[in-house]
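Since the structure comes first, as structure tokens, the remarks are kept for the end.
Computed from heavy atoms alone, side chains included, the values below leave out hydrogens, waters and symmetry copies. All ligand and atom numbering here is 1-based and tracks the order in the structure.
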Amino acid sequence: MIRINENFNKLKASYLFVDIARRVEKFKEENPSAKIIKMGIGDVTRALPEACIKAMHAAVDELASEESFKGYGPEQGYAFLREAIATNDFKSRGCNISADEIFVSDGAKCDTGNIQEIFAQDITVAVPDPVYPVYVDTNVMAGRTGLNVDGRYENLVYLEANEANGFIPEIPATTNIDLIYLCFPNNPTGATATKEQLTKWVEFAKANKALILFDAAYVAFIRDNEIPHSIYEIEGADEVAIEFRSFSKTAGFTGTRCAYTVVPKKCIAYTKSGEAQSVHPLWNRRHSTKFNGVSYPIQKAAEAVYSPEGKAQVKELIDFYLENAKIIRESMSSLGYKCTGGDNSPYIWVQTNSDSWEFFDTLLNKAAVVTTPGAGFGNCGQGYIRISAFNSRENVIEAMERIKKALNK
Ligand code: MLT
């Protein structure tokens, strides 16, 4: 008898963004003429930078002739891209990360979801609350949790991020934690962590032989140079942390797919008997067994992000979304809602003073604006919505006007 992985039955019915899409579809059916403005899922709206397009075209041409044709590439990514990443994203900020510690992939969602496979079944996992649902759901699927009781899975440690702690989870009292997910700039709150705050997490991981999974998918939005761009800016983090990055939000690759994960060779985990083992070969083994690499034209396009033109174009792209974020934050604040994020992040976390899903429905039904209800990211998200700055200027301005009217402000 073929049997299912019953851990899937513990999951909430569907993925948050699928739930939202369903409500939006229903609204569309009932209001076919409404012009919906989507500020829910963080999907980019502007074209790829010209430098990336040029590089992609040239790479496609290379594939058109037998002399320069390429079949399978290295599973870990082409050296040209891994070198460019190591130099520009890490060495430039004083982080000693080398090209062979970088694994190019098709998305930070996949990598943050898949990485848990290399760790033991019976470890204790800590996740922030609110949280990007992928961290939680993949551990549920893997059987590391119990049932969902009142919005929280048994056996998971929730690190609360709320107004009182400035949306930066504090170091927990329990030391019984093996794997810690952190995300800065944060999805969904938009909060950023200081060097001192990250240092405490690195020290905690070291003291407890734990490992940090650091999701930095939104790093390109950091404009304050004092804010760490990488966990490896913290001394010793290369022994206790894996970092995830993506070209999706940095350069508009949500549709073309390219990301990478950094697994330093010094980074260690332990066998049951307590023997230290480097996790680099484990991830290398997993990655090369289950993944065949990102396509050559896309890796060439990603490499172009680091060219002088690419850097200027990416900056312009991010500046544009940050200006949107500023408009959203200022508008919502002027309506009397407390906001966080939106300055070094594309997300604005808005305190609704009411139920998240109700507020979401009000904005959808009265303003035809889609946001993300904070409660969908965890119990601590109740009473908040997340607004994404990825949209055209025109739509952002119109959405803010519509919201103002819908809320009778
Ligand atoms: C989000 O809206 O949280 C992100 O777009 C989801 C993702 O990157 O997978």
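A side-chain N or O of Asp100 and one of Ser98 form a donor-acceptor pair less than 3.5 Å apart. Between the side chains of Asp111 and Thr261, at least one donor N or O sits under 3.5 Å from an acceptor N or O. Counted by atom type alone, Asn139 and Tyr153 present zero donor-acceptor pairs between their side chains at under 3.5 Å.
Within the listing of ligand 1, atoms 2 (O), 5 (O) sit less than 4.0 angstrom from a heavy atom of Ile41. In summary, the atoms of ligand 1 found under 4.0 Å from a heavy atom of Gly42, numbered by their order in the structure, are 1 (C), 2 (O), 5 (O). Close contacts between ligand 1 and Tyr218 involve ligand atoms 4 (C) [criterion: under 4.0 Å to a heavy atom]. Interface of Phe17 with ligand 1, defined as ligand atoms under 4.0 Å from a residue heavy atom, comprises 1 (C), 2 (O), 3 (O).
Contacts with ligand 1 closer than 4.0 Å are made by side-chain heavy atoms of Asn187 only, the backbone lying farther away. Within the 4.0 Å heavy-atom criterion, neither part of Phe390 lies near ligand 1. When heavy-atom distances to ligand 1 are checked against a 4.0 Å cut-off, Tyr347 comes that close only through its side chain, counted from C-beta outward.
For Phe377, no nitrogen or oxygen atom sits less than 3.5 Å from a nitrogen or oxygen atom of ligand 1, counting backbone and side chain alike. Of the N or O atoms in Asp43, none lie within a sub-3.5 Å distance of an N or O in ligand 1.
Cation-pi geometry between Lys249 and Phe221 is not met: the NZ or CZ atom fails to fall both under 6.0 Å from the ring centre and inside 45° of the normal. Figure legend: cation-pi geometry between Arg245 and Tyr260 absent, as NZ or CZ is not positioned both under 6.0 Å from the six-membered ring centre and within 45° of its axis. Relative to the ring axis of Phe377, Arg386 does not place its NZ or CZ within 45° and under 6.0 Å from the centre.
Atom 6 (C) of ligand 1 has Tyr132 CE1, 3.7 Å as its closest protein atom, hydrogens excluded (heavy atom only). Looking from atom 4 (C) of ligand 1 to the surrounding protein, the closest heavy atom is Lys249 NZ, 3.4 Å.
Remark: Lys28 engages Glu25 in a salt bridge, criterion side-chain N to carboxylate O under 4.0 Å.
With Arg82 contributing its side chain and Ile102 its backbone, the two residues share a donor-acceptor pair below 3.5 Å.
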